[in-house]
S.K.: 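Please read through the structure below; I'll follow up with questions.
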2 protein chains.
Amino acid sequence: MKKGNATIHEIAKALGIDSSTVSRALNNSDRVTQKTKEKVLAKAKELGYRRNLIASNLRRNKSNTIGVIVPRISRHFFSSTIAGIEEAAFVAGYNVIICQSMEKLDREKSILNNLWSNRVDGVLISVSMETVACDHLKFLKDNNVPLVFFDRHCSAMEQSSKVLIDDTRASYEAVSHLIEKGCRKIVHFSGPQSLEIYKNRLRGYKEALEDHGIGFNDDLVVSSTLMEVDGKEMIQDLLHKHSDIDGVFSANDVAAIGAMKYLKKKGKRIPDDIAIVGFSNEPISEAIEPSLTTIDQSGFEIGRTACNLLIENINSKEKVLDRTLILNPTLIKRDSTNR
Amino acid sequence: MKKGNATIHEIAKALGIDSSTVSRALNNSDRVTQKTKEKVLAKAKELGYRRNLIASNLRRNKSNTIGVIVPRISRHFFSSTIAGIEEAAFVAGYNVIICQSMEKLDREKSILNNLWSNRVDGVLISVSMETVACDHLKFLKDNNVPLVFFDRHCSAMEQSSKVLIDDTRASYEAVSHLIEKGCRKIVHFSGPQSLEIYKNRLRGYKEALEDHGIGFNDDLVVSSTLMEVDGKEMIQDLLHKHSDIDGVFSANDVAAIGAMKYLKKKGKRIPDDIAIVGFSNEPISEAIEPSLTTIDQSGFEIGRTACNLLIENINSKEKVLDRTLILNPTLIKRDSTNR
DNA sequence: CTGTTAGCGCGTTCAT
DNA sequence: ATGAACGCGCTAACAG
């Protein structure tokens, strides 16, 4: 009953022809009659033939697979990017191996070893928080395995393809939006300064203030791990020192919500007393009050774009095109109330 | 500088021994001297050797890969299960190919074809909404590819391994909780009755009512697609007909939140006037008011359990053990206020 | 303990 | 247009 295990040899034997002809027929080669093609296809169907891609891949020295490394699958932003990657890979006929580094460099290295052993045709990666040097990544390029960074890249890598978000610009727009709404004293919840995204978000914050003639005040910027409790504590501390705060620009939405809850409990009206904007990391925007304006990072688009760029690199033999694509997040305004 | 492309033959030649000895050494076979093992390992490192798993897999007729099919990666529950699957697979040394059916039967079929072509060692699946017949799944079993369902299974399949949630029991506990809080008129937001999960949640609702001496009223059960707007409309309609509703049991949290928002706008206090419990599908619990009690489906545990069961099946040659594991979701109470 | 031989299933030369 | 032969890289069987 081994219905699915037929090989090209079996269908060749059944037809009294050679396996190489069968191979050609199945690959739709022009060097085989239409007649035999049909016969082969019919017999293949009858025997329930399925090409053994492992053998095919070995012969062609190509795995038809791309490796993907993210810090954590269960984080919404990354599962969105993976959905986009999967979509692009699917239409291009590629398989995808998903791996999570769990933010550990060691695990990232062992994953790359594994991907290499599996002879993936290319790699998409969003590096772990521990990743600064990148010899383990250069190894891929040395062996002609295309590599595309998305979201988090490795600045130690001089030449590389990457798909990034324009954090600076998005932050600039978000803070400008607050200012246009009338805010003058805007605090910024920042994250670990080792990560470039947080540096860029801080930069956009500064530039927006300066361009609108508002002086930058170091006291109004606080860094944390951006959990909900951090948001609460940060705004509590800050309000204690500066009672006239009227805006919050948070590097993520979880901390923003922590702050928002606290403020509401204290009787502040959002956005009338204090307006809040946060980068969107979780799909919560729909679930919370309509007072939090968020910056949508559209992970799906990033994933799709990165995967397409990678496939382009895979197909352009020998030509290593190192390109940087920068996508613009969109500001989703939910604080329509005029202050 | 093809540093990573060395084969066992090259390292054999460099050492003046045979490639099969190298192979054995690399596989840590007991039938090779410690001395030569060390020499081989040293030379392998020197040449930057990486085993070609494609060739190895072809020879061993094993891919060391398991296929995973989910309706949508970006849905939080599924990305959680995938994280759990990935974790279990990683420690067992398996690769994972993630695929999304997008709730389409056709796509599910084509994915299965592809997975078969890739000769995966086993398959984990949560079927699409369109999947009722399952010939395409039986095909796997006919070819000795172990299959484990998780969360959504296929009732048309007489014999199968599956890891499920005890929806009935969780619903029973949730509704009992509401009753113990004093609710007497509890509505139920249900979903498409074609899906077993919604049938079971409805059953748990009924049983809890009966066991507590509350008559079941068909009017209080409404089915929808359980979007946020559905929640709003459903509660609006119901309140119009039954002004004394004091509890809501929702088959998902999004609809629950829709209802909650509407109720608050109408001046109702949660949970004092109306208590709400919802199955948790999105990671929003932290972000919303502390008045919504949720049922956590712990996708991570389901994924881990399912993957381990699959690997067990893969390893137990010839023995097809069809087991059903049922995990209990946990009720996370956030409505501590006494009514 | 090690070498020899023989394939896994497929695609790609050569021929004809 | 088709067949014969070879090899991708590795491992399993059998010798010795």
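Protein chains get the first letters and strands the later ones, always in sequence-line order, with residue 1 at the start of each.
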S.K.: Just to be sure I understand the rule, does B:Asn27 reach a base, reach only the sugar-phosphate, or reach nothing, if contact means heavy atoms closer than 4.0 Å?
M.R.: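 Result for B:Asn27 = sugar-phosphate.
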S.K.: Under a 4.0 Å N-O cut-off, is there an ion pair linking A:Lys13 with A:Glu10?
M.R.: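 No.
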S.K.: Which part of the nucleic acid, if any, lies within contact of B:Ile17, taking any heavy atom under 4.0 Å across all strands shown: a base, the sugar-phosphate backbone alone, or nothing?
M.R.: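 Sugar-phosphate, no base atom in range.
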S.K.: Write down the atom of A:Ile311, the atom of A:Ala92, and the distance for their closest heavy-atom approach.
M.R.: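 Minimum heavy-atom contact is CD1-CB, 3.5 Å.
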S.K.: Could you say whether B:Asn61 or B:Asp30 is positioned toward the 5' end of DNA chain C, judged by the nucleotide with the nearest heavy atom to each?
M.R.: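 Of the two residues, B:Asp30 wins.
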S.K.: Can you tell which of D:dC14, D:dT11, D:dT2 lies closest to the side chain of B:Arg31?
M.R.: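 The listed nucleotide nearest to B:Arg31's side chain is D:dC14.
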S.K.: Using a heavy-atom cut-off of 4.0 Å across all strands, would you classify B:Thr33 as base, sugar-phosphate, or nothing?
M.R.: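 Touches sugar-phosphate only.
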S.K.: What is the distance, to the nearest angstrom, from the CG atom on B:Asn28 to the C1' atom on C:dC1?
M.R.: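 B:Asn28 atom CG is separated from C:dC1 atom C1' by 15 Å.
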S.K.: Please give, in whole Å, the distance from D:dG9 C1' to A:Arg60 CZ?
M.R.: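 Value for this atom pair: 16 Å.
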S.K.: Would you tell me if any nitrogen or oxygen in the side chain of A:Arg51 comes within less than 4.0 Å of OP1 or OP2 on C:dG11?
M.R.: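 Yes, such a contact exists.
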S.K.: With a 3.5 Å cut-off and heavy atoms only, can you find an N or O donor on one side and an acceptor on the other between the side chain of B:Arg119 and the base of C:dG9?
M.R.: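 Answer is no: no donor-acceptor pair is held.
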S.K.: So B:Ile54, base contact, sugar-phosphate only, or nothing? Heavy-atom distance under 4.0 Å.
M.R.: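 Result for B:Ile54 = nothing.
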S.K.: Regarding A:Arg72 and the six-membered ring of A:Phe77, is the cationic atom NZ or CZ under 6.0 Å from the ring centre and inside 45° of its axis?
M.R.: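 Not satisfied by the 6.0 Å and 45° rule.
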S.K.: Is any side-chain heavy atom of B:Asn95 closer than 4.5 Å to a side-chain heavy atom of A:Asn114?
M.R.: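 When only atoms from C-beta onward are counted, A:Asn114 and B:Asn95 do touch, with a gap below 4.5 Å.
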S.K.: Looking at A:Ser23, I'd like to know whether one of its side-chain N or O atoms comes within less than 4.0 Å of OP1 or OP2 on C:dG9.
M.R.: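 Result: no.
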S.K.: Round to a whole Å and report the spacing from CG of B:Asn118 to C1' of C:dC10.
M.R.: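 For the pair B:Asn118 CG and C:dC10 C1', the rounded distance is 15 Å.
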S.K.: Check B:Glu103 against B:Glu130 and note the closest heavy-atom contact, atom names and distance.
M.R.: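 In terms of heavy atoms, the two residues are closest at O-CG, 3.4 Å.
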S.K.: Just how far, in rounded Å, is P of C:dG11 from CZ of A:Arg59?
M.R.: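 Those two atoms, CZ and P, are 9 Å apart.
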S.K.: What is the distance, to the nearest angstrom, from the CG atom on B:Leu53 to the P atom on D:dC10?
M.R.: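 Taking CG of B:Leu53 and P of D:dC10, I get 9 Å after rounding.
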S.K.: Quick one: is D:dG3 close enough that its OP1 or OP2 comes under 4.0 Å of any side-chain N or O from A:Thr21?
M.R.: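 The answer is yes; a side-chain N or O of A:Thr21 sits under 4.0 Å from OP1 or OP2.
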S.K.: If I take atom NE2 in residue A:His9 and atom P in nucleotide C:dC10, what distance separates them, rounded to the nearest angstrom?
M.R.: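 Whole-Å distance recorded here is 7 Å.
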S.K.: Are the side chains of A:Ile73 and B:Glu86 in touch, meaning some heavy atoms are under 4.5 Å apart?
M.R.: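 Yes. Closest side-chain heavy atoms under 4.5 Å.
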S.K.: How would you label the contact of B:Thr7 with the nucleic acid (heavy atoms, under 4.0 Å): base, sugar-phosphate, or nothing?
M.R.: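 Here B:Thr7 touches the backbone only, sparing every base.
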S.K.: Is any side-chain N or O of B:Ser19 closer than 4.0 Å to OP1 or OP2 of C:dG3?
M.R.: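 No, no such contact exists.
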S.K.: Rounded to the nearest Å, what distance is computed from the CD atom of residue B:Glu38 to the P atom of nucleotide C:dC1?
M.R.: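 Rounded to whole Å, this separation is 14 Å.
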S.K.: Any base atoms under 4.0 Å from B:Arg24, or only sugar-phosphate, or nothing? Heavy atoms, all strands.
M.R.: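 Base, at least one base heavy atom under 4.0 Å.
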S.K.: Calculate the interatomic distance between B:Leu47 atom CG and D:dG9 atom C1'; express it in whole Å.
M.R.: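 After rounding, the gap between these two atoms is 15 Å.
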S.K.: Between C:dC10, D:dA12, D:dG3, which nucleotide has the shortest distance from any of its atoms to the side chain of A:Asp18?
M.R.: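 Looking only at heavy atoms from C-beta outward on A:Asp18, the closest nucleotide is D:dG3.
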S.K.: Starting from the 5' end of DNA chain C, give me the residue, B:Gln34 or B:Leu58, whose nearest nucleotide shows up first.
M.R.: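 Result of the comparison: B:Gln34.
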S.K.: Check whether any side-chain N or O of B:Ser56 sits under 4.0 Å from OP1 or OP2 of D:dT11, and answer yes or no.
M.R.: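 Yes, because at least one side-chain N or O of B:Ser56 sits under 4.0 Å from OP1 or OP2 of D:dT11.
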